[in-house]
Amino acid sequence: MIDLRLLREDPDRFRASQRLRGESTEVVDELLRADEARRSATQRSEAIRAEQKSLSKQVPKASADERPTLLARTKELAAEVKETEAATKAADEALRQAHLAVPNLVQDGVPPGGEDDFVVLREVGDVPVIDNPKDHLEIGEALRAIDTERGAKVSGSRFYFLTGVGALLQLGLLQMAIAQAVEHGFTPSITPSLVKPESMEGTGFLGAHASEIYRLEADDLYLVGTSEVPLAAYHSNEIIDLEGGPERFAGWSSCYRREAGSYGKDVRGILRVHQFDKVEMFSFCRPEEAADEHLRLLAMEEEMLAKVEIPYRVIDVAGGDLGSSASRKFDCEAWVPSQGRYREVTSTSNCTTFQARRLNIRYRDADGKPQTAATLNGTLATTRWLIPILENHQQPDGSVRVPKALQPYVGGRDILEPPSNHPAAAQRSTKG
RNA sequence: GGAGGGCUCGCCUAGUGGCCGAUGGCGCCGGUCUUGAAAACCGGUAAGGGGAAACUCUUCGUGGGUUCGAAUCCCACGCCCUCCGCCA
């Protein structure tokens with residue numbers, strides 16, 4: 001939700017922001033009208049309510065002959081109060097709807113345009129020269145690390161098993177992400193994967209992307225698509241202490257996405273799946289600290305990418321491709337040799353006060369006054385990272401080199417190789 | 001799944017129809033005292049909306065209802081806790 005005061009002061013800024021997103025300015029004008037309508041409805045009902053209250057107070061003090069006229073008048077007022085309060089309530093609801101329809105104010109400097117109009121901020125690392133690169137699924141199957149066939153058998157398409165070194169690699173990667181987060185003062189967190197409707201709604205995921213979300217009807221709970229949801233809702237309806245600077249979390253969770261409407265897109269392997277694991281950063285800070293915090297989250301992501309030794313580029317996402325909560329978004333895209341292009345592996349958004357206003361997350365400013373906090377999020381590592389790791393570090397013999405920083409997290413291995421014997425055979429032999 | 005208890009201001013708590021936007025404690029802020037701090041004492045301290053301001057309205061889990069008037073009475077719902085059952 002945007003700041004209504006700011007809207008009243010400077011509506012043109014919001015219209016300009018809408019144009020930069022390539023969206024209609026009508027929602028802004030609609031909100032202005034709804035705001036005006038609600039204020040006049042409020043004033044009317046307040047005046048009548050004030051009169052009712054003051055007359056009501058006189059009732060017990062009134063003499064026996066004054067009382068009947070007084071009661072007649074207060075009765076009349078009671079009916080009027082009912083009427084005007086209903087009008088106010090309707091105006092409130094209309095305002096709320098109009099308010100929800102306006103996306104966050106885009107930050108200055110965001111490139112205009114749509115999905116393809118991002119600006120590349122930098123390219124880091126050298127793209128490896130690999131003859132006939134195998135793709136991650138071919139490598140993963142040879143290593144007995146990724147099994148999409150059985151994933152489909154057991155759960156359906158876009159599900160997979162990670163087994164053996166595949167499982168170790170993911171656990172090691174996420175473990176390394178947590179270790180880095182802790183080193184930088186983030187609070188490691190394991191978050192609920194199921195949340196109540198208000199948590200999902202408060203974080204803004206029930207709007208345009210509602211169809212992306214799994215819902216458990218019997219319990220009226222939602223499966224989260226990212227731990228951003230429980231982390232953001234963690235402080236909902238609280239006044240938090242930001243005296244000592246931003247409050248930072250690194251949440252580890254499984255993430256669930258229906259991927260409705262993406263059929264036929266990126267079906268192969270584990271690029272686009274219904275369930276994956278992720279370590280997500282989340283910060284609460286003062287609005288004036290948000291832009292710096294955003295760069296800090298980006299730096300965290302780049303530090304991780306450097307550790308896994310993957311070439312990548314950083315893009316400044318264009319206005320038309322920002323989510324409704326984001327004022328600015330930076331993505332890191334990793335080089336994927338089999339596709340000969342960069343693919344998104346991280347995304348960090350500065351939501352300024354937009355998300356916190358909806359979730360009612362505040363802090364006290366220097367004067368002790370409650371103010372709406374800012375929230376930011378960013379990816380530290382996900383299952384998808386296995387793709388560029390496997391592909392960029394593939395060796396001609398089918399093995400995969402493990403980047404040095406990651407080695408301690410995968411049992412000291414410097415190379416991933418297929419198991420020497422079949423797991424089932426190994427099991428038989430150990431059972432004797 | 002069954003039974004019971006609870007939900008009031010940052011936290012804890014008092015309050016069973018008008019004197020209640022609401023008691024007290026803790027915490028926090030300011031002051032007195034002190035070289036400084038602590039203690040003690042005094043004062044202040046919920047949030048949100050509207051208004052240029054005076055001021056005013058809303059909020060005692062949520063939504064309805066009764067009443068001139070509801071934290072307080074009635075109905076429904078939500079959430080939390082405890083116990084029993086079941087169980088990874």
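Just so it is clear, the structure is predicted and the values come from calculations on it, not from any experiment. Chain letters run A, B, ... following the sequence lines, proteins first and then strands; every chain starts at 1.
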Student: Which nucleotide in the set B:rG49, B:rG18, B:rG63 lies at the smallest distance from any side-chain heavy atom of A:Lys89?
Tutor: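 Nearest nucleotide to the side chain: B:rG63.
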Student: Round to a whole Å and report the spacing from CG of A:Asn360 to P of B:rG49.
Tutor: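 Roughly 10 Å, once rounded to whole Å.
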Student: Say you pick atom C1' in B:rU23 and the same atom in B:rC60; how far apart are they, in whole Å?
Tutor: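 To the nearest whole Å, 13 Å.
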Student: A side-chain contact here means heavy atoms from C-beta on lying under 4.5 Å apart; do A:Arg401 and A:Glu309 qualify?
Tutor: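 Result yes, sub-4.5 Å side-chain heavy-atom pair found.
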Student: Taking atom P in both B:rC84 and B:rG15, what distance in whole Å separates the two?
Tutor: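 It comes out at 30 Å once rounded to the nearest Å.
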Student: Who is the Watson-Crick or G-U wobble partner of B:rC77, with both distances under 3.5 Å?
Tutor: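 Check on B:rC77: paired to B:rG61, both distances under 3.5 Å.
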Student: OP1 or OP2 of B:rU58 sitting under 4.0 Å from any side-chain N/O of A:Lys53?
Tutor: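 True: A:Lys53 side-chain N/O within range (under 4.0 Å) of B:rU58 OP1/OP2.
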Student: In whole angstrom, give me the gap between the C1' atoms of B:rA76 and B:rU66.
Tutor: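 One C1' to the other, the span is 15 Å.
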Student: Expressed in whole Å, how much space separates the C1' atoms belonging to B:rU72 and B:rG18?
Tutor: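 Their C1' atoms lie roughly 12 Å apart.
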Student: Rounding to the closest angstrom, what is the interatomic distance between B:rC12 and B:rG27 at atom P?
Tutor: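 That atom pair is separated by 15 Å.
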Student: Let's test this: given Watson-Crick or G-U wobble pairing with both distances under 3.5 Å, identify the partner of B:rU34.
Tutor: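 B:rU34 is unpaired by these criteria.
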Student: Taking the six-membered ring for Trp, are the ring centroids of A:Phe161 and A:Phe159 within less than 6.0 Å of each other?
Tutor: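 No, the ring centres sit 6.0 Å or more apart.
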Student: Using a strict 4.0 Å threshold on nitrogen-to-oxygen distance, state whether A:Glu76 and A:Arg73 make a salt bridge.
Tutor: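 Looking at A:Glu76 and A:Arg73, the cut-off is met.
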Student: Below 4.5 Å, heavy atoms only, C-beta onward: do A:Trp252 and A:Leu174 meet side chain to side chain?
Tutor: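 Yes, at least one pair of side-chain atoms sits under 4.5 Å.
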Student: For a quick test of reading the model: is some side-chain N or O of A:Arg44 closer than 4.0 Å to OP1 or OP2 of B:rG50?
Tutor: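 For B:rG50, neither OP1 nor OP2 has a side-chain N or O of A:Arg44 closer than 4.0 Å.
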Student: Starting from P on B:rG48, measure out to CZ on A:Arg96 and report it in whole angstrom.
Tutor: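 Atom CZ in A:Arg96 sits about 19 Å away from atom P in B:rG48.
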Student: Provide, to the nearest angstrom, the distance between the NZ atom belonging to A:Lys369 and the P atom belonging to B:rC29.
Tutor: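 The distance from NZ of A:Lys369 to P of B:rC29 comes to 17 Å, rounded to the nearest Å.
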Student: Under 4.0 Å: is that the gap between some side-chain N or O of A:Lys82 and OP1 or OP2 of B:rU66?
Tutor: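 Yes, within the criterion.
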Student: What contact category does A:Arg67 fall into here, base, sugar-phosphate, or nothing, at under 4.0 angstrom with non-hydrogen atoms?
Tutor: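 It contacts nothing in the nucleic acid.
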Student: Categorize A:Arg362 for me: base, sugar-phosphate, or nothing, with a 4.0 angstrom heavy-atom threshold over every strand shown.
Tutor: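 Here A:Arg362 touches the backbone only, sparing every base.
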Student: Can you check whether A:Arg5 has a side-chain N or O nearer than 4.0 Å to OP1 or OP2 of B:rG50?
Tutor: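 Answer yes for this pair, as a side-chain N or O of A:Arg5 is under 4.0 Å from OP1 or OP2.
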Student: What is the distance, rounded to the nearest whole Å, between atom CG of A:Asp35 and atom C1' of B:rG51?
Tutor: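 Rounded to the whole Å, the gap is 14 Å.
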Student: For a quick test of reading the model, state the closest non-hydrogen atom pair linking A:Asp316 to A:Pro111 and the distance between them.
Tutor: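 For A:Asp316 versus A:Pro111, the nearest heavy atoms are O-CG, 3.5 Å.
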Student: Of A:Lys196 and A:Pro60, whose nearest nucleotide on RNA chain B comes first from the 5' end?
Tutor: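 Its nearest nucleotide being more 5', the pick is A:Pro60.
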Student: Return whichever of A:Thr74 or A:Arg364 has its heavy-atom-nearest nucleotide of RNA chain B closer to the 5' end.
Tutor: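 Closest to the 5' end, via its nearest nucleotide, is A:Arg364.
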Student: On a whole-Å scale, what distance lies between the P atoms belonging to B:rG24 and B:rU45?
Tutor: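 Result for the P pair: 12 Å, nearest Å.
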Student: Can you tell me the base-pairing partner of B:rU82? Count Watson-Crick or G-U wobble geometry only, both distances below 3.5 Å, and say none if there is no partner.
Tutor: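 Base-paired to B:rA3.
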Student: Rounded to whole angstrom units, what separation is found between the CZ atom of A:Arg49 and the C1' atom of B:rC57?
Tutor: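 To the nearest whole Å, that distance equals 9 Å.
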Student: Tell whether A:Glu238 reaches the base of B:rG10 with its side chain through a donor-acceptor pair below 3.5 angstrom.
Tutor: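 Result: no qualifying N/O pair found.
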Student: Return no unless some side-chain N or O of A:Arg39 is found under 4.0 Å from OP1 or OP2 of B:rG51.
Tutor: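 Answer yes for this pair, as a side-chain N or O of A:Arg39 is under 4.0 Å from OP1 or OP2.
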Student: Is the phosphate of B:rG69, meaning OP1 or OP2, less than 4.0 Å from a side-chain N or O of A:Gln52?
Tutor: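 Yes, such a contact exists.
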Student: Taking NZ, NE, NH1 and NH2 as the nitrogens, is one of them in A:Arg21 or A:Asp321 under 4.0 Å from a carboxylate oxygen of the other?
Tutor: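 No, no charged N to carboxylate O under 4.0 Å.
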Student: Sort out the partner of B:rU45 for me: Watson-Crick or G-U wobble, both distances under 3.5 Å, none otherwise.
Tutor: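 B:rU45 is paired, partner B:rG27.
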Student: Tell me whether A:Glu288 at atom CD has more than 12 heavy atoms from other residues, nucleotides or ligands lying less than 6.0 Å away.
Tutor: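 Yes, the 6.0 Å shell around CD holds more than 12 heavy atoms from other groups.
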Student: Work out how far the P atom of B:rA70 is from that of B:rG1, and round it to whole angstrom.
Tutor: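 Each nucleotide's P atom is 37 Å from the other's.
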Student: If you compare every side-chain N and O of A:Arg8 against the phosphate oxygens of B:rG50 (OP1, OP2), does one of them come in below 4.0 Å?
Tutor: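 The answer is yes; a side-chain N or O of A:Arg8 sits under 4.0 Å from OP1 or OP2.
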Student: When the P atoms of B:rG50 and B:rA54 are considered, how many whole Å apart are they?
Tutor: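 Between the two P atoms, the distance is 16 Å.
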Student: Does any nucleotide pair with B:rC9 by Watson-Crick or G-U wobble geometry, both distances under 3.5 Å, and what is it?
Tutor: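 Pair assignment: B:rC9 / none.
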Student: Should B:rC68 form a Watson-Crick or G-U wobble pair with both distances under 3.5 Å, which nucleotide is its partner?
Tutor: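 Across all strands, the one nucleotide that pairs with B:rC68 is B:rG18.
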Student: Please determine whether a side-chain nitrogen or oxygen atom of A:Lys75 lies at a distance below 4.0 Å from atom OP1 or OP2 of B:rC68.
Tutor: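 A:Lys75 to B:rC68 OP1/OP2: side-chain N or O found under 4.0 Å.
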Student: Does A:Ile239 reach a base, just sugar-phosphate, or nothing at all? Heavy atoms under 4.0 Å.
Tutor: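 No contact at all - A:Ile239 keeps every heavy atom at 4.0 Å or more from the nucleic acid.
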Student: Please report the distance, rounded to the nearest Å, between CD1 in A:Ile240 and C1' in B:rG10.
Tutor: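 The answer, rounded to whole Å, is 13 Å.
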Student: Counting side-chain heavy atoms from CB outward, which of B:rG49, B:rG50, B:rG18 is closest to A:Val59?
Tutor: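 That would be B:rG18.
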Student: Should the pair A:Lys278-A:Glu280 be classified as a salt bridge under the 4.0 Å nitrogen-to-oxygen rule?
Tutor: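 Between A:Glu280 and A:Lys278 there is a salt bridge, with a charged N closer than 4.0 Å to a carboxylate O.
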Student: Rounded to the nearest Å, what distance is computed from the CG atom of residue A:Asn237 to the P atom of nucleotide B:rA47?
Tutor: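 About 15 Å, once rounded to whole Å.
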Student: Between A:Asp241 (CG) and B:rC11 (P), how many Å, whole number?
Tutor: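 Interatomic distance, CG of A:Asp241 to P of B:rC11: 14 Å.
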